[in-house]
Amino acid sequence: MFHFTPTSGSWLNAVETFFSVLTRRRLRRGIFRSIVDLQAAINRYLDEHNANPKPFVWSKPADTILAKLKRLAKLKRLPVPSV
């Protein structure tokens, strides 16, 4: 069975975005005199971030995504993804 996960829509983008925000908001321009100080800064950020969780919301309905995958599969002569 073929499962298509576009790199522009993968979970990896969410991880990259998370680390980018962590770097910009907590680590860049920070002064850490030890690894323990760095770990403490990261842990404080995680505590603050997790105090107000926001669920991921899909921006497109599943039918739209599946239709696009079917069109792509047809163009590339790949098996049509199934649900």
Side-chain angles (χ1 to χ4, degrees):
M1 184 181 294
F2 172 75
H3 292 279
F4 176 74
T5 304
T7 56
S8 62
S10 72
W11 61 270
L12 187 55
N13 281 3
V15 172
E16 289 174 344
T17 299
F18 175 81
F19 280 108
S20 173
V21 172
L22 168 65
T23 300
R24 283 184 277 121
R25 292 187 180 169
R26 186 53 56 99
L27 304 179
R28 188 171 289 145
R29 296 189 185 102
I31 297 171
F32 309 105
R33 302 202 185 279
S34 68
I35 292 176
V36 173
D37 287 348
L38 174 61
Q39 289 172 328
I42 292 170
N43 287 330
R44 279 193 307 274
Y45 176 79
L46 293 174
D47 290 341
E48 293 167 8
H49 179 77
N50 290 333
N52 186 19
K54 295 179 181 110
F56 179 80
V57 178
W58 289 100
S59 60
K60 292 188 178 185
D63 292 339
T64 304
I65 295 168
L66 292 172
K68 185 173 184 176
L69 288 175
K70 286 180 183 177
R71 288 193 309 273
L72 178 66
K74 191 181 284 187
L75 286 172
K76 302 236 179 208
R77 294 189 177 101
L78 298 170
V80 176
S82 62
V83 178

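All heavy atoms count here, side chains included; hydrogens, waters and symmetry mates do not. This is a predicted model, so every value here is computed, not measured.
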Sequence neighbours excluded, every pair satisfying side-chain hydrogen bond (donor to acceptor under 3.5 Å, both in side chains) that has a member inside residues 28-43 |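 Residue pairs passing side-chain hydrogen bond (donor to acceptor under 3.5 Å, both in side chains), neighbours aside: none found.
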Working to the nearest 0.5 angstrom, can you tell me the gap between [X] [atom1] and [Y] [atom2]?
X	Y	atom1	atom2	result
Thr64	Leu69	OG1	CG	11.0 Å
Thr23	Ile42	OG1	CD1	8.5 Å
Leu27	Tyr45	CG	OH	9.5 Å

Find out if a path of hydrophobic residues (ILVMFWY) with successive side-chain heavy-atom gaps under 4.5 Å connects Phe32 to Ile35.
->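 Phe32 and Ile35: separate clusters.
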For Glu48, enumerate each residue passing the side chain to side chain donor-acceptor pair (under 3.5 Å) test, keeping only those at least two apart in sequence or located in another chain.
->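 Result, side chain to side chain donor-acceptor pair (under 3.5 Å) vs Glu48: Arg26.
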Should Ile65 and Lys68 count as side-chain neighbours, where that means a heavy-atom distance under 4.5 Å?
->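 With C-beta onward as the side chain, the pair stays apart.
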